[in-house]
Amino acid sequence: MNKIEILGAKETLYVEHLDNGLDIYMIPNNKVKNYYVTLNTKFGSIHTDFEYDGKDYSLPNGIAHFLEHLTFNLPDENAFEYFSNLGASVNAFTSYDVTCYEVFANSRFKENVEYLIKYVYTPYYTKELVNSEKGVILEEVKMYKDRPGIQVVNSIFDNLYINDKHQFLVGGTVEDVKDIKLEDIEIAYKAFYHPENMFMILTGDFNPEEAVAIINDSMNKFKFDEYIKPVLKKVNEPFKIKTEYSEREMNVDKYKVSFGVKIPKNNFKSLKLSKVEIKMYLNLISRINFGKTSILLEELTDNSIISDEISTMLIETEDCYVQVFIASTDYPDYLIKKLKAAYDNLAVSEEEIERKVKSTLSSFILMFDSIEYTNGEIQDDVIEYGQYLSDVYSIYKKLNIDTANDVIDCLEKRLCSVSVIKPKEKKEL
């Protein structure tokens, strides 16, 4: 077992690679009395077009989410019921680039880990199950369609992306769900649910050596075919946007405004920075100009333009980064004007960088008190970088104003879009 010291945090990451290809990442925490275990596959909503075993596949949007729902079924039982009897909390989620099966409990560690492995690696899919689950998922998709918090993000992605799958909701549309067939489920599972395309994360109160023994013995009960790596089709995303402005009505009290910018990765080529460093600088610049202590936020709240924070997002795709800023307001035109002006005039100071770096490093250390947050950070790193970044502390400490200004100079300020969700007009009686 490989032990990696996490710089600046006085924590140890334990990593084990099983013979069948499964990677295990563990950070024990003896300050808590519970544990959080996730079994993850590198298969999300954007992975619908791929080549596998000599054949090309183009599966319906929403296939990863549909497969997640069905995986809880076994021939003679349902995983939810089994875990409930063990006193454990079990769930799963699908995002753009990962599907995660999770167990949270404070006892019966061996049984919970064994059963997590058992139900995920016992594919049981029938036409009857597919057809019956469609009704459940269709209701979920319709529910998401009526959620402003989800639609405000999806609408700006739909404006910015032309070919990239991030423009679609993770669960797909009603039409997508209706199109999913048993054969789609079976090929998706076969291509993406092999241990070599998956990884486990354990955080909380457990013994790493015992955990590896349990996982290894449990995995040895299953026979896996030789791994054939699915080759994802490259998405040619043009450096332009689909729509500059869009709006729609929903049941909201205030206008929800999202402002997004599409930034080609090639813009940063001359800086000789790693992907990790670029994303750190982009987040740092965003926090200084739009975050809790920013001049912009103070101005907007003091003048009652907004009453809450400005939410920020950074999404990376194959060829570009997308930054999104979201806020609620009664004055959408004014807010849009202020967001655009702030992005056009991004600025940082040495004092602000030092302050943000210090606060980030403090949060980084405190992060390990939360076993759920720690687990999520490991998952994000493995998906984005292929490993956990144990040296992130030292990278943060090297952030400086000169490079931050170089990053600002490389930003794309033309490829921007706005999406507005506005309150429904009240009909006169």
Q. How about Ser58 and Asp49: does a side-chain donor come under 3.5 Å of a side-chain acceptor?
A. yes
Q.
Less than 3.5 Å apart, any donor N or O on the side chain of Glu237 or Tyr161 sitting next to an acceptor on the other?
A. no
Q) Closest heavy-atom contact between Ile371 and Thr203? A) O-OG1, 2.8 Å
(Q) Taking the side chain as everything from C-beta on, heavy atoms only, tell me whether Ile156 gets closer than 4.5 Å to Ser417. (A) yes
Q: Just say parallel, tilted or perpendicular for the rings of Tyr25 and Phe199, cut-offs at 30° and 60°.
A: perpendicular
Q: May I ask you to decide if the ring planes of Tyr321 and Phe268 are parallel, tilted or perpendicular, using 30° and 60° as cut-offs?
A: perpendicular
Q | Minimum-distance pair of heavy atoms, taken over all atoms of Ser45 and Thr94 | A | N-CG2, 4.4 Å
Q. Does Pro332 reach the side chain of Lys422, with side-chain heavy atoms less than 4.5 Å apart?
A. no
Q: Supply the atom-to-atom distance Leu129 CG to Asn73 CG, rounded to the nearest 0.5 angstrom.
A: 5.0 Å
Q | Distance-only donor-acceptor check, side chains Tyr144 and Glu140, under 3.5 Å | A | yes
Q.
Can you classify the ring geometry of Phe368 versus Phe364 as parallel (below 30°), tilted (30 to 60°) or perpendicular (above 60°)?
A. perpendicular
Q) Under 3.5 Å, side chain of Asp380 to main-chain N/O of Glu377, donor-acceptor pair present? A) no
**Q.** Audit row: Leu67, Tyr125, side chain to side chain contact (heavy atoms under 4.5 Å, CB included) steps and yes/no
**A.** CA-CA 9 Å; Leu67 177 53; Tyr125 310 115; 3.3 Å; yes
Q | Arg414/Glu412 ion pair, N-O < 4.0 Å | A | yes
Q. How long is the span from the OG atom in Ser155 to the CD atom in Gln167, to the nearest 0.5 Å?
A. 12.5 Å
(Q) If the threshold is 4.0 Å, N to carboxylate O, is there a salt bridge linking Lys265 and Glu316? (A) yes
(Q) Is it the case that atom NZ in Lys413 sees more than 12 heavy atoms from other parts of the structure closer than 6.0 Å? (A) yes
**Q.** Asp176 vs Phe168 side-chain heavy atoms within contact, under 4.5 Å
**A.** no
Q. Just how far is it from atom NZ of Lys292 to atom OG1 of Thr301, taken to the nearest 0.5 Å?
A. 13.5 Å
Q. Side chains of Asn400 and Thr403: is there a donor and an acceptor less than 3.5 Å apart?
A. yes
Q.
Show the nearest heavy-atom pair for residues Gly21 and Glu196, with the distance to one decimal.
A. CA-CG, 3.5 Å
Q: Just do the side-chain hydrogen bond (donor to acceptor under 3.5 Å, both in side chains) check on Tyr245 and Glu247 with the steps written out, would you?
A: CA-CA 7 Å; Tyr245 180 87; Glu247 65 177 40; 2.7 Å; yes
Q: Check whether the ring centres of Phe325 and Phe290 lie less than 6.0 Å apart, and answer yes or no.
A: yes
Q) What's the verdict on ring-ring contact (aromatic ring centres under 6.0 Å, His included) for Tyr82 and Tyr119, showing C-alpha distance, side-chain angles and the deciding distance? A) CA-CA 10 Å; Tyr82 186 92; Tyr119 90 81; 9.5 Å; no
Q) If you take all heavy atoms of Ser286 and Thr312, which pair is closest and at what distance? A) OG-CG2, 3.6 Å
Q. Are any non-hydrogen side-chain atoms of Tyr331 and Asn303 less than 4.5 angstrom apart?
A. no
Q | Non-hydrogen atoms of His194 and Asn20 that approach each other most closely | A | CE1-O, 3.8 Å
(Q) Can you confirm whether more than 12 heavy atoms, excluding those of Asn163, are under 6.0 Å from its CG atom? (A) yes
Q: Run the salt-bridge test on Asp319 and Lys234 with the 4.0 Å N-O cut-off and return the result as yes or no.
A: yes
Q. Quick check: are there more than 12 heavy atoms from other residues, nucleotides or ligands sitting under 6.0 Å from CD1 of Ile295?
A. no
Q. Taking atom NZ of Lys229 as the centre, does the number of heavy atoms from other residues, nucleotides or ligands within less than 6.0 Å exceed 12?
A. no
Q.
Just checking Lys190: does its NZ atom have more than 12 heavy atoms from other residues, nucleotides or ligands closer to it than 6.0 angstrom?
A. no
Q. Could you give the distance from NZ (Lys424) to CZ (Arg248), rounded to the nearest 0.5 Å?
A. 9.0 Å
Q. Looking at CG of Leu389 and CG of Asp381, how far apart are the two atoms once the value is rounded to the nearest 0.5 Å?
A. 4.0 Å
Q.
Within this structure, what is the CD-CG distance for the pair Glu102 and Leu39, rounded to the nearest 0.5 Å?
A. 11.5 Å
Q) How would you list all residue pairs meeting side-chain hydrogen bond (donor to acceptor under 3.5 Å, both in side chains) that involve residues 355-364, not counting sequence neighbours? A) Arg287-Ser359, Arg287-Thr360, Thr293-Lys356
Q: Go through the side-chain N and O atoms of Asn112 and Tyr35 and say whether any donor and acceptor fall under 3.5 Å apart.
A: yes
Q. Looking at side-chain heavy atoms only, is the closest gap between Ile383 and Lys42 below 4.5 Å?
A. yes
Q) What do you reckon, is CD of Glu318 surrounded by more than 12 foreign heavy atoms closer than 6.0 Å? A) yes
Q. Would you find more than 12 non-hydrogen atoms of other residues, nucleotides or ligands less than 6.0 Å from Lys337 atom NZ?
A. no
**Q.** Beyond-backbone contact of Ile24 with Met1, side-chain heavy atoms, under 4.5 angstrom
**A.** no
Q) In terms of ring plane angle, is the pair Tyr189 and Tyr193 parallel, tilted or perpendicular, where the classes change at 30° and 60°? A) parallel
(Q) Just so I know, are the side chains of Met280 and Leu284 near enough to count as touching, which here means a heavy-atom distance under 4.5 Å? (A) no
Q) Of the non-hydrogen atoms in Pro423 and Lys254, which two are nearest, and what is the gap between them? A) CG-C, 4.0 Å
Q.
Counting only heavy atoms from other residues, nucleotides and ligands, does the tally under 6.0 Å from NZ of Lys242 exceed 12?
A. yes
Q) Are the side chains of Ile215 and Leu202 in touch, meaning some heavy atoms are under 4.5 Å apart? A) yes
Q: Could you verify whether a donor N or O on one side chain and an acceptor N or O on the other, from Glu5 and Thr12, lie under 3.5 Å apart?
A: yes
